[in-house]
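The structure appears right after this line, and notes come after that.
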Amino acid sequence: MTPESCDYLIIGGGTAGCLLANRLSADGRHQVTLIEAGGRDNYPWIHIPVGYLYCIGNPRTDWIFRTRAEPGLNGRSLLYPRGRVLGGSSSINGMIYMRGQAADYDSWRDAGNPGWGWQDVLPIFKRTEDHALGASEFHGAGGEWRVEAQRLSWEILDGFRDAARESGIPTVTDFNRGDNTGCGYFEVNQRSGVRWNASKAFLRPALKRPNLRVLTGAHVNQLTFSGNRATGVSYWQDGVLRQLLARGETILAAGAVGSPTLLESSGVGAPELLARLGIPVQHALPGVGENLQDHLQLRMAFRVSNTRTLNTIVNSLTGKLAIGLEYALWRRGPMSMSPSQLGAFARSDERHTRANLEYHVQPLSLDRFGEPLHTFDAFTASVCNLRPQSRGTVHIESRDSRQPPIVAPNYLDNDEDRLVAVESLRLTRRIAAAPPLARFKPEEFAPGPQFQTSDELARAAGDIGTTIFHPVGTCKMGNDDRAVVDHELRVRGLTDLRVIDASIMPTITAGNTCSPTLMIAEKGSDMLLAAALARRA
């Protein structure tokens, strides 16, 4: 079969890939191909916000990765969702609009990555954004990435916000001004109560362009090379192994799990790992698959009285009917909910100079994801360490790129992370005991009041900790011996190959990672187009 070709080849139709496809095809000069292993985002539950419950763990929309048995989680293995559909994880995530903190990006710049400081990236966030309140000093209007206020509130969440204020966490209305300290309702990526994913925002408007081609159900097998130049990919589609060549650049946008594993399957990585699997070394790059970072959430749950939560509403037929009718008529109510509605950013201890904890607070409780809600009223306060010191890995264990990799986050792998876990559980208890929540009589049942000492709370953190779905860092940007890409996202030592997705983050951002990934893609598209212009000059 004669190989097909294009100018830009984008591997991965997720959050970053959808934006890249839009930007690189915009002027009509370049033939662009986007290749995605999953299908189109036409599954109805993608678009109804509460439908994330039916997308995570569903092979139609999720890769359904799992972690190894984690020592820090007392031997538990976690489901590790990643989007396997156009729009990627933006099609199955919590829809929370969050940039992180200014200091996150300044630390990238100061580590030797010029152009990545807060003042450099803020205009890029604003360029992409379409904020419901219009343009301002910190927000943009007219971009593709819609940001709106949520369309519901809860008495119990208002009580938690007031209790947080009495505990020293101020009430705020905007988490995206560079310092996200405070408590308030999250803004979300929705349009009128419907999920707004990267496919709707960026890919669909570009599909009519004759110079853009989108392949779905196409699983990339390997990158191909001529010497040190990336020339394209081989990929499986409909049981046939095909080839696609890139006249210009090949772009990995397969995410923090997909991008490093595809590099390794193609012979780019640590030589000892490749030799063990019998893969010829194309280029030695020992940092590939290292530096995995993720936010581990500790889900504390409290039974409450004198108020209604989602638990008892959905456990009655009339409640379910009312929820459905409210959404059908007005696109409001629980079906328009993001998984977490109220957020808080706080310091676990005075030794921290900025917020190092994020809360996701929900008017519901359940034993574990995918199981029914409890039949009694309760709320869950999930708290995560924003700057974990533990570092994990993502590596292949088979030459066959269709086999899942080993995901080893190494949660709670050091003393500082365990200390922050203990501090965060204690802070949550202080908030729950504050006077504004007293009338709801909160009673902790997870992990439970029997855990009191630091050792007991550290063990409890291992029992209740779970991923909040923010893996980054496995193809990190930098100039040290573990860096995979340089500050222009070019794979070190190779030509015409870039990685443009969350895997390039040197350190994780202090918040949800979807919108920072779009910023990375926007900045990466600028770099690609500037390089193309320079070649033509």
Side-chain angles (χ1 to χ4, degrees), residues 1-14 16-37 86 88 202-203 206-207 209-237 240-255 258-269 282-283 285 288 401 475 484-486 488-501 503-504 520-521 523-536:
M1 183 177 295
T2 303
E4 301 176 75
S5 64
C6 58
D7 296 311
Y8 289 114
L9 171 55
I10 305 165
I11 303 166
C18 287
L19 185 146
L20 289 164
N22 181 301
R23 301 298 191 249
L24 298 179
S25 65
D27 67 5
R29 293 186 179 188
H30 309 112
Q31 294 293 322
V32 179
T33 298
L34 175 68
I35 185 166
E36 164 60 36
L86 288 178
F202 301 102
L203 185 60
L207 288 176
R209 297 172 186 166
N211 61 321
L212 174 62
R213 183 184 182 204
V214 177
L215 302 177
T216 55
H219 187 106
V220 173
N221 178 51
Q222 285 182 327
L223 298 165
T224 56
F225 294 90
S226 176
N228 279 343
R229 179 183 180 269
T231 59
V233 296
S234 61
Y235 67 97
W236 293 98
Q237 189 178 48
V240 177
L241 187 62
R242 308 173 190 270
Q243 191 173 6
L244 183 57
L245 300 179
R247 295 184 291 270
E249 297 201 45
T250 298
I251 303 131
L252 270 172
S259 287
T261 55
L262 184 54
L263 285 170
E264 289 181 337
S265 296
S266 308
V268 180
Q282 169 65 38
H283 178 59
L285 209 53
V288 171
S401 64
C475 295
V484 175
V485 300
D486 65 14
E488 293 195 356
L489 310 184
R490 299 170 296 201
V491 176
R492 295 164 60 89
L494 298 173
T495 60
D496 290 338
L497 180 63
R498 302 196 201 215
V499 181
I500 305 180
D501 57 31
S503 70
I504 68 93
I520 290 166
K523 190 170 177 66
S525 70
D526 289 347
M527 294 170 176
L528 286 160
L529 294 172
L533 184 62
R535 285 195 296 268
R536 289 198 300 269

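The figures here come from the full heavy-atom set of this structure, side chains too, leaving out hydrogens, waters and symmetry mates. Along the sequence shown, the residues carry numbers beginning at 1.
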For [Y], is there any backbone N or O sitting under 3.5 Å from a side-chain donor or acceptor partner on [X]?
{"X": "N211", "Y": "H30", "result": "yes"}
{"X": "H219", "Y": "S401", "result": "yes"}
{"X": "Q237", "Y": "T216", "result": "yes"}
{"X": "S259", "Y": "A254", "result": "yes"}

What I'd like to find out is whether the side chain of [X] reaches to under 4.5 Å of the side chain of [Y], using heavy atoms alone.
{"X": "Y235", "Y": "Q243", "answer": "no"}
{"X": "R536", "Y": "R29", "answer": "yes"}
{"X": "V484", "Y": "R492", "answer": "no"}
{"X": "V214", "Y": "L203", "answer": "yes"}
{"X": "L497", "Y": "L263", "answer": "yes"}
{"X": "V220", "Y": "I11", "answer": "yes"}

At their closest point, which heavy atom of [X] faces which heavy atom of [Y], and how far apart are they?
{"X": "I10", "Y": "A253", "answer": "CG2-CB, 4.3 Å"}
{"X": "A21", "Y": "L212", "answer": "CB-CD1, 4.0 Å"}
{"X": "I35", "Y": "A218", "answer": "CG1-CB, 3.6 Å"}
{"X": "T250", "Y": "A246", "answer": "OG1-CB, 3.5 Å"}
{"X": "A531", "Y": "E249", "answer": "CB-OE2, 4.1 Å"}
{"X": "L494", "Y": "V268", "answer": "CD1-CG2, 4.0 Å"}

- Where do D501 and I520 land on the side chain to side chain contact (heavy atoms under 4.5 Å, CB included) test, with the steps shown first? CA-CA 6 Å; D501 57 31; I520 290 166; over 6 Å; no
- Query: Should T495 and N228 be marked as a side chain to side chain donor-acceptor pair (under 3.5 Å) after you check the CA-CA gap, both sets of side-chain angles, and the distance that decides it?
  - Reply: CA-CA 6 Å; T495 60; N228 279 343; over 6 Å; no
- Applying side chain to side chain contact (heavy atoms under 4.5 Å, CB included), run through L528 and I500 and close with a yes or a no. CA-CA 10 Å; L528 286 160; I500 305 180; 3.7 Å; yes
If I take atom [atom1] from residue [X] and atom [atom2] from residue [Y], how far apart are they, to the nearest 0.5 angstrom?
{"X": "Y8", "Y": "D496", "atom1": "OH", "atom2": "CG", "answer": "9.5 Å"}
{"X": "L245", "Y": "L9", "atom1": "CG", "atom2": "CG", "answer": "9.0 Å"}
{"X": "L24", "Y": "D7", "atom1": "CG", "atom2": "CG", "answer": "10.0 Å"}
{"X": "N22", "Y": "S525", "atom1": "CG", "atom2": "OG", "answer": "9.0 Å"}
{"X": "L244", "Y": "S5", "atom1": "CG", "atom2": "OG", "answer": "7.5 Å"}
{"X": "R498", "Y": "L20", "atom1": "CZ", "atom2": "CG", "answer": "10.5 Å"}

- Message: Under a plain distance cut-off of 3.5 Å, with no hydrogens placed, do S25 and R209 share a side-chain donor-acceptor pair?
- Response: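 Short answer, yes.
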- Task: Verify whether one side chain among S226 and T231 offers a donor that lies under 3.5 Å from an acceptor in the other.
- Result: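 Looking only at side-chain atoms, T231 and S226 do not form any donor-acceptor pair under 3.5 Å.
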- Begin from the C-alpha positions of T33 and R213 and carry the test side chain to side chain donor-acceptor pair (under 3.5 Å) through to its verdict. CA-CA 5 Å; T33 298; R213 183 184 182 204; 5.1 Å; no
- Item | Test salt bridge (charged side-chain N to carboxylate O under 4.0 Å, His left out) applied to K523 and E488, step by step | CA-CA 9 Å; K523 190 170 177 66; E488 293 195 356; over 6 Å; no
- Task: Check whether more than 12 heavy atoms from other residues, nucleotides or ligands sit under 6.0 Å from atom CZ of R247, and answer yes or no.
- Result: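 Counting neighbours around CZ of R247, more than 12 heavy atoms of other residues, nucleotides or ligands fall under 6.0 Å, so yes.
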